[in-house]
Amino acid sequence: MELKIKDLYKSYDHGKTYAINDVSADFTPGIYGILGPNGAGKSTMFGMLTDNLRPDKGSITADGEDIYKMGADYRAKIGYMPQQQSLYEAFTAEKFLWYMAALKGMNRKDAREQIENLLEVVNLKEERYKKLKYFSGGMKQRILLAQALLNDPEILILDEPTAGLDPKGRDDILNCLKYLREETGMTIILVSHSMDDVANYVSRIMVMNDGVLTYDDTPRNVFRHYKELEAIGLAAPQVTYLMNDLKRAGFDVNTDAITINEAKESILAALR
């Protein structure tokens, strides 16, 4: 599915200050990271993409159709994972997914098949009868991801899916997203504060600041502007700083390296 936003404006004070100011972008199948400091407009953008807010001006279309006219048909095509929230702690993982499937109106046969599959996708099959109050932060995020995937959405929208997680928990979530993208071809849109999290996983980064889409490009091209990113309160991946420091110190390294493996190969080549 292609999701297209065009000339979007959204204000909460009758046009005096825009939370979203003339933003346009296209989302085709892939993984997209929306980044920005607090107050950049990310939450407002998510509110509109999930059909919970309407723009003052502009349009959002899914395969050419206005999402606000599609209504429930559009909402059935999206899966939404909120920031980590209070769960029904007395529920087991399996019972929680059954409950969410019922809220989405799924029939029991489809729900049973999907729950079995999703528990395996998020690596929680062995914990299916464990109560959520005993889950770690990473496990809670994975069960929230599973509920977002109920009903086979074509677009997956995630709000800070790795917030508060340790490195393993972050990798577990991001590897799940990478697997889903490769296996299903869905469109995945995630909001994050962490450049390190998205560097290895997204195909495109959209940087927002004061409601404006400041950058919309590949990770490699966006990270070239690491000084400009710092100026708006965002830090580039640690690899970016390392490679630029080495370059200034006289080493012939690739400052466009965005992964640890790329940096390692470049540094070894320079040392040789």
Side-chain angles (χ1 to χ4, degrees), residues 1-5 20 23 25-53 60 62 75 77-85 118 121-122 137-150 152-209 213-220 222-223 229 234-237 258-259:
M1 171 177 281
E2 180 182 26
L3 191 63
K4 183 186 289 284
I5 60 180
I20 298 293
V23 172
D26 296 341
F27 301 94
T28 53
I31 304 180
Y32 300 85
I34 299 180
L35 293 92
N38 290 332
K42 304 186 303 295
S43 296
T44 299
M45 176 68 74
F46 263 40
M48 290 190 285
L49 290 176
T50 54
D51 191 16
N52 287 307
L53 285 175
I60 304 178
R75 291 189 292 275
K77 295 177 184 293
I78 64 172
Y80 177 58
M81 177 181 168
Q83 288 192 47
Q84 193 172 106
Q85 60 184 17
L118 290 172
V121 166
V122 300
M139 292 164 69
K140 288 179 179 178
Q141 290 297 79
R142 280 184 277 147
I143 201 67
L144 284 173
L145 175 59
Q147 67 80 25
L149 292 166
L150 286 167
D152 287 332
E154 296 180 45
I155 299 171
L156 184 61
I157 299 175
L158 308 101
D159 191 359
E160 294 283 4
T162 61
L165 301 185
D166 60 23
K168 182 182 183 305
R170 292 199 300 272
D171 285 344
D172 286 345
I173 289 290
L174 293 168
N175 282 326
C176 275
L177 298 181
K178 184 178 179 181
Y179 169 82
L180 288 166
R181 165 70 191 103
E182 292 170 350
E183 293 297 312
T184 69
M186 68 169 54
T187 300
I188 301 173
I189 306 169
L190 63 94
V191 70
S192 176
H193 282 86
S194 173
M195 291 289 191
D196 285 291
D197 280 357
V198 301
N200 296 322
Y201 294 92
V202 307
S203 48
R204 201 169 97 214
I205 290 177
M206 302 169 65
V207 178
M208 297 191 65
N209 186 43
L213 185 57
T214 307
Y215 298 105
D216 181 4
D217 212 329
T218 63
R220 200 177 305 280
V222 170
F223 297 152
L229 294 173
L234 293 175
I258 62 173
T259 68

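Start at 1 with the first residue, then count along the sequence.
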### Task
Report yes if the side chains of Ile205 and Thr218 come closer than 4.5 Å at any heavy-atom pair, otherwise no.
no
#### Entry: From CD1 (Ile189) to OH (Tyr80), nearest 0.5 Å
12.0 Å
### Message
I'd like to know if the side chain of Thr44 reaches the main chain of Ile20, judged simply by a donor and an acceptor atom lying under 3.5 Å from each other, with no hydrogens or angles considered.
### Response
no
### Summary
Heavy-atom closest pair (Pro153 atom, Gly79 atom, distance to 0.1 Å) is CB-N, 3.3 Å
### Query
Atom OH of Tyr32 and atom CG of Leu158: how far apart are they, to the nearest 0.5 Å?
14.5 Å
### Query
From Arg181 CZ over to Leu156 CG, what is the distance, rounded to the nearest 0.5 angstrom?
12.5 Å
#### Entry: Step-by-step side-chain contact (heavy atoms from CB on, under 4.5 Å) determination, Thr187 to Thr28
CA-CA 6 Å; Thr187 300; Thr28 53; 5.7 Å; no
### Message
Check this for me: does any side-chain nitrogen of one of Asp217 and Arg204 sit under 4.0 Å from a carboxylate oxygen of the other?
### Response
no
### Task
Decide yes or no for Met186 and Glu154: does some side-chain heavy atom of the first lie under 4.5 Å from some side-chain heavy atom of the second?
no
#### Entry: Phe46 vs Asp159 side-chain heavy atoms within contact, under 4.5 Å
yes
### Task
Sorted by first residue and then second, give each salt bridge (charged side-chain N to carboxylate O under 4.0 Å, His left out) pair with at least one member in residues 36-48; sequence neighbours left out.
none
Got a list of side-chain donor-acceptor pairs under 3.5 Å for residues 164-173, not counting sequence neighbours?
residue	atom	partner	partner atom	Å
Asp166	OD1	Lys168	N	3.3
Asp166	OD1	Gly169	N	2.7
Lys168	NZ	Asp172	OD2	2.9
Arg170	NE	Asp197	OD1	3.1
Arg170	NH1	Leu165	O	2.9

### Task
Measure the CD1-CG distance between Ile258 and Asn200 for me, rounded to the nearest 0.5 Å.
6.5 Å
### Task
Of all the heavy-atom pairs spanning Pro29 and Met1, show the shortest one and how long it is.
CD-O, 3.8 Å
### Message
Side chains of Leu190 and Ile34, heavy atoms from C-beta outward: is any pair under 4.5 Å?
### Response
no
### Message
Please enumerate all residues that pass salt bridge (charged side-chain N to carboxylate O under 4.0 Å, His left out) together with Asp26, with sequence neighbours excluded.
### Response
Lys4
### CE-CG distance between Met206 and Leu35, expressed to the nearest 0.5 angstrom
10.5 Å
### Task
Determine, stepwise, if the pair Asp51 / Ile60 fulfils side-chain contact (heavy atoms from CB on, under 4.5 Å).
CA-CA 10 Å; Asp51 191 16; Ile60 304 178; over 6 Å; no
### Query
With distance as the sole test, does Gln141 use its side chain to make a donor-acceptor pair with the main-chain N or O of Pro161 at under 3.5 Å?
yes
### Message
Please evaluate residues Leu234 and Val207 with respect to the criterion side-chain contact (heavy atoms from CB on, under 4.5 Å), reporting the C-alpha separation (whole Å), side-chain torsions for both, the decisive distance (0.1 Å), and the verdict.
### Response
CA-CA 9 Å; Leu234 293 175; Val207 178; 3.8 Å; yes
### Message
Would you say that Thr50 contacts Ile78 through its side chain, given a criterion of any heavy-atom pair below 4.5 Å between the two side chains?
### Response
yes
### Query
Rounded to the nearest 0.5 Å, how far apart are OG of Ser43 and CG of Leu53?
9.5 Å
### Query
Does any non-hydrogen side-chain atom of Met139 lie less than 4.5 Å from one of Val122?
no
### Query
How far apart are the closest heavy atoms of Pro237 and Ala199, and which atoms are they?
CG-CB, 4.0 Å
### Query
Quick one: does Tyr215's side chain get under 4.5 Å of Leu229's, heavy atoms only?
yes
#### Entry: Heavy-atom check, side chain of Ile155 versus side chain of Phe27, under 4.5 Å
no
### Message
Using every non-hydrogen atom in the two residues, find where Ala146 and Leu118 come nearest and quote the distance to one decimal.
### Response
O-CD1, 3.3 Å
#### Entry: Whether Gln147 side chain and Leu144 backbone form a donor-acceptor pair below 3.5 Å
yes
